[in-house]
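To keep things clear, I will list the structure first and then write my remarks on it.
Numbering of residues begins at 1 and proceeds along the displayed sequence. Note that this is a predicted model, so its numbers are computed, not measured.
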Amino acid sequence: MASKLTGKARSDALGTLKQWKEVPGRDAIQRSFKFADFTQAWGFMTKVALAAEKADHHPEWSNVYNKVEITLSTHDAGGLSDKDVALAKFIDQVA
């Protein structure tokens with residue numbers, strides 16, 4: 001089970017995720033993406049889905065045409081964990 005990030009570990013981790021924002025009222029991070037069209041958005045989501053399944057860590061997300069909204073939080077840890085940071089970094093690489 002992953003541990004919730006707190007204190008300096010949390011602030012250091014969030015410092016590496018420049019485009020991710022903390023979600024008000026939740027221990028989670030969120031980022032929005034916009035692609036040229038639905039096909040590009042879906043291709044991006046497919047890459048993320050395969051990595052998320054392999055890591056057994058699944059995002060909360062939505063897709064409307066060329067826009068994808070992703071929220072990350074580790075539910076069994078009660079908030080943000082290293083799993084979220086690792087997945088966010090992967091998402092940033094494939095975006």
Side-chain angles (χ1 to χ4, degrees):
M1 184 166 120
S3 301
K4 184 175 171 177
L5 289 172
T6 59
K8 184 169 174 15
R10 178 188 171 84
S11 60
D12 288 350
L14 290 176
T16 67
L17 303 172
K18 301 297 183 197
Q19 296 178 314
W20 292 81
K21 305 293 181 210
E22 293 186 70
V23 177
R26 288 190 62 191
D27 193 6
I29 55 175
Q30 187 273 330
R31 184 170 173 199
S32 301
F33 299 86
K34 186 173 181 181
F35 298 92
D37 55 28
F38 178 75
T39 301
Q40 285 188 1
W42 191 263
F44 164 76
M45 291 178 71
T46 300
K47 290 176 188 175
V48 173
L50 292 171
E53 184 65 17
K54 185 176 181 180
D56 192 29
H57 187 59
H58 307 94
E60 299 171 26
W61 59 7
S62 66
N63 165 241
V64 177
Y65 182 59
N66 66 338
K67 296 178 184 143
V68 178
E69 300 274 337
I70 300 178
T71 301
L72 300 175
S73 183
T74 304
H75 300 284
D76 62 352
L80 200 64
S81 78
D82 284 333
K83 284 184 166 187
D84 301 302
V85 175
L87 187 55
K89 287 180 179 180
F90 174 80
I91 290 168
D92 287 346
Q93 288 176 353
V94 299

Partner set under side chain to side chain contact (heavy atoms under 4.5 Å, CB included) for K21, not counting sequence neighbours: none

Does F33 reach the side chain of V48, with side-chain heavy atoms less than 4.5 Å apart? no

Report yes or no: does N63 contribute a side-chain atom to a donor-acceptor pair with the main-chain N or O of K67 at less than 3.5 Å? yes

Could you walk me through whether S32 and E69 pass the side chain to side chain donor-acceptor pair (under 3.5 Å) test, one step at a time? CA-CA 5 Å; S32 301; E69 300 274 337; 2.8 Å; yes

Beyond-backbone contact of S81 with D84, side-chain heavy atoms, under 4.5 angstrom: yes

Test item: L14 and W20 side chains (from C-beta on) under 4.5 Å apart, heavy atoms: no

Between CG on residue L72 and NZ on residue K83, distance to nearest 0.5 Å: 12.0 Å

Please report the C-alpha distance between I70 and F44 in whole Å, then the side-chain angles of each, then the deciding distance to 0.1 Å, and finally whether the side chain to side chain contact (heavy atoms under 4.5 Å, CB included) criterion is met. CA-CA 12 Å; I70 300 178; F44 164 76; 3.9 Å; yes

Rounded to the nearest 0.5 Å, what's the gap from CD1 on I29 to CG on L17? Could you check? 5.0 Å

CZ of F35 to CG of N66: how many Å apart, nearest 0.5 Å? 9.0 Å

d(L80 CG, S3 OG) to nearest 0.5 Å is 12.0 Å

Here the gap from K4 atom NZ to S73 atom OG, rounded to the nearest 0.5 Å, amounts to 8.5 Å

Between R10 and D27, does any side-chain N to carboxylate O distance fall below 4.0 Å? yes

Non-hydrogen side-chain atoms of H57 and T74 separated by less than 4.5 Å: yes

For residues 41-53, which residue pairs pass the side-chain hydrogen bond (donor to acceptor under 3.5 Å, both in side chains) check, not counting sequence neighbours? E53-H58

Using a strict cut-off of less than 4.0 Å between a Lys/Arg side-chain nitrogen and an Asp/Glu carboxylate oxygen, indicate whether R31 and D92 qualify as a salt bridge. yes

Quick one: ring pair (Phe, Tyr, Trp, His ring centres under 6.0 Å) pairs with a partner in residues 63-93, sequence neighbours left out? none

Between the CE atom in M45 and the OG atom in S62, the distance rounded to the nearest 0.5 Å is 7.5 Å

